[in-house]
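Here's the structure, in structure tokens; my notes come after.
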Amino acid sequence: MDGELCLQITGTGSELQGVGRAADGRAVFVPGALPGEAVRVRVTREATRFMEAELVGVDSAHPSRTDPACPHYGMCGGCCAQHMDYALTLELKRRRVCDALQRIGGLEVPVRPTLGMANPYRCRNKAEYPIDGRDIGGSARRGRRVENLQDCLLQHPSSVAAMRETRRWLERYAQPALKYLVTRVAQDGSLMAVLCAQGAVRGLETLTQALFARAPGMKSMYLCVLKSRPAHALDGTCRLIRGEELLVDKLLGLEFELAPQAFFQVNREQAEALFTVAREAAALTGRETLVDAYCGAGAIGLCLARDAGQVLGVELIPEAVENARRNARRNGITNARFVQDRAERVLPEWIAGGLRPDVVTVDPPRKGMDPALVQALRRAAPERLVYVSCDPATLARDVALLAADGCFQPQWAQPVDMFPWSAHVETVCLLSKLHGSHRA
Ligand code: SAH
């Protein structure tokens, strides 16, 4: 741990950190360093097979290195890619998908250039600002306190205004029960604010008045009373304090009702881009049976329902299934059914019972698909399988399993930048049935 190390950065890690090699061959992960750069670092952690280091200086900079646009960059845990221009983040995300497919899946799949945003700022429609005493702000980096945030370039100005009003209120009403302020902004600028607390809150009416008076678009104020050990910012019971019960947002011409805890994509513009790619991949003609597994509030299935004969959605969380059904009714969609169950439990049952979907979309959480579902899809052998993934590593693993013995043929992968300036990348991968292939 003593002194500085000179390092040549040769690649990037899954957090878009630079990666170089120490003299003994161990990989060294350096947040803030870019491939091709010669840097000086200080080692902060040594493990048997790798090291972590902080950047001390850059001796030869990558041409795409830039000054971060956000003054909180490096302190706030929200972004990790503002030291490079946007084009390079898109390319590094594409490479992550290529590398995962090659190294983990052993697959050669054409990976298209990442679909980016024309303006990758102010693009999130949901914010979760942690509260700690009088501080409110960005997600704290490992081991650091909540950063007292002035602005967040990813958030809508109304959300930032609500966060600032809440800080002003905290000067008088800071109390240990307060944990988060959550905001949602719909396409028309309507704002919902949820104060999340462990127990009763003093001064709530004062905050409600301030937000309705000074946060543009303010439509709805909720209090969320959290469980004693909440798993996330809204893990509790929500009560409407003032205003409208629901926000209404739009995606590809459909309306979606948003209760505080409803599931919805956080970047509307890129969700539309993603679903447009999924629609291209599904190539529906109006007659097909489409299964939408891990369907959440039904966004993918509903956006594709107009082009399909029927849609069957499967989702684990009962509230999300209820949202999906409401959203179908709200949009007059009558050919979509939503079932609450584990995809890996119910689909093998349906398929054993004779269901033969023409097209399947899957959008699993980061851990990817359950092996039982992979097996069931190999048996069902739909014409097309559209895999929407938020983790290239599990995508690669699952695509390799689906493609084994020539069951499915991966056609292409399209990365989409849903979370600009973070390391996350969404990918749509199209797999087609190989005709004449056996059913496993
Ligand atoms: N396609 C959705 C979002 C999917 S996110 C949309 O665009 O809104 C992944 C979803 O998978 C979550 O809603 C999660 O609750 C659900 N899920 C997780 N494990 C599951 C399982 N085993 N079976 C079915 N759904 C599951």
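Read the numbers this way: they start at 1 and go in the same order the structure lists the ligands and their atoms.
- Among protein heavy atoms, the minimum distance from atom 22 (N) of ligand 1 is reached at Glu344 OE1, 2.9 Å.
- Ligand 1 lies nowhere less than 4.0 angstrom from a heavy atom belonging to Asp370.
- Each of the following atoms of ligand 1 lies closer than 4.0 Å to a heavy atom of Arg342: 22 (N), 23 (N).
- At least one heavy atom of Phe275 sits less than 4.0 Å from an atom of ligand 1.
- In this structure, Ala320 does not count as a contact residue of ligand 1, since none of its heavy atoms falls inside 4.0 Å of the ligand.
- Summarising the local packing, CD of Glu245 is surrounded by 12 or fewer heavy atoms from other residues, nucleotides or ligands at distances under 6.0 Å.
- In terms of protein heavy atoms, atom 9 (C) of ligand 1 is closest to Asp363 O, 3.2 Å.
- The existence of a salt bridge linking Arg326 and Glu322 is excluded, since no basic side-chain nitrogen approaches an acidic carboxylate oxygen closer than 4.0 Å.
- Taking the six-membered ring where the residue is Trp, Phe29 and Phe50 present perpendicular rings, their angle passing 60° and hence far from 30°.
- For Arg287 and Glu383, the salt-bridge test fails: no basic side-chain N is under 4.0 Å from an acidic carboxylate O.
- Here atom 13 (O) of ligand 1 lies nearest to Glu315 when heavy atoms of Gln265, Glu315, Arg345 are compared.
- Regarding atom 26 (C) of ligand 1, its nearest protein heavy-atom neighbour is Tyr294 CD2, 3.3 Å.
- Taking the ring axis of Phe264 as reference, the NZ or CZ atom of Arg184 does not stay both within 45° of it and closer than 6.0 Å to the ring centre.
- With respect to Glu255 and Arg330, a salt bridge is recorded, a charged nitrogen being found less than 4.0 Å from a carboxylate O.
- When each of Thr289, Thr334, Asn335 is tested with Gln310 by the rule side chain to side chain donor-acceptor pair (under 3.5 Å), just one qualifies, namely Thr289.
- The protein atom (non-hydrogen) at minimum distance from atom 23 (N) of ligand 1 is Ala343 N, 2.9 Å.
- Applying the ring pair (Phe, Tyr, Trp, His ring centres under 6.0 Å) criterion to His424, with sequence neighbours excluded, gives Phe419.
- Contacts between Asp292 and ligand 1 below 4.0 angstrom, taking non-hydrogen atoms only, are absent altogether.
- The nearest heavy-atom contact from the protein to atom 18 (C) of ligand 1 is Pro365 CG, 3.6 Å.
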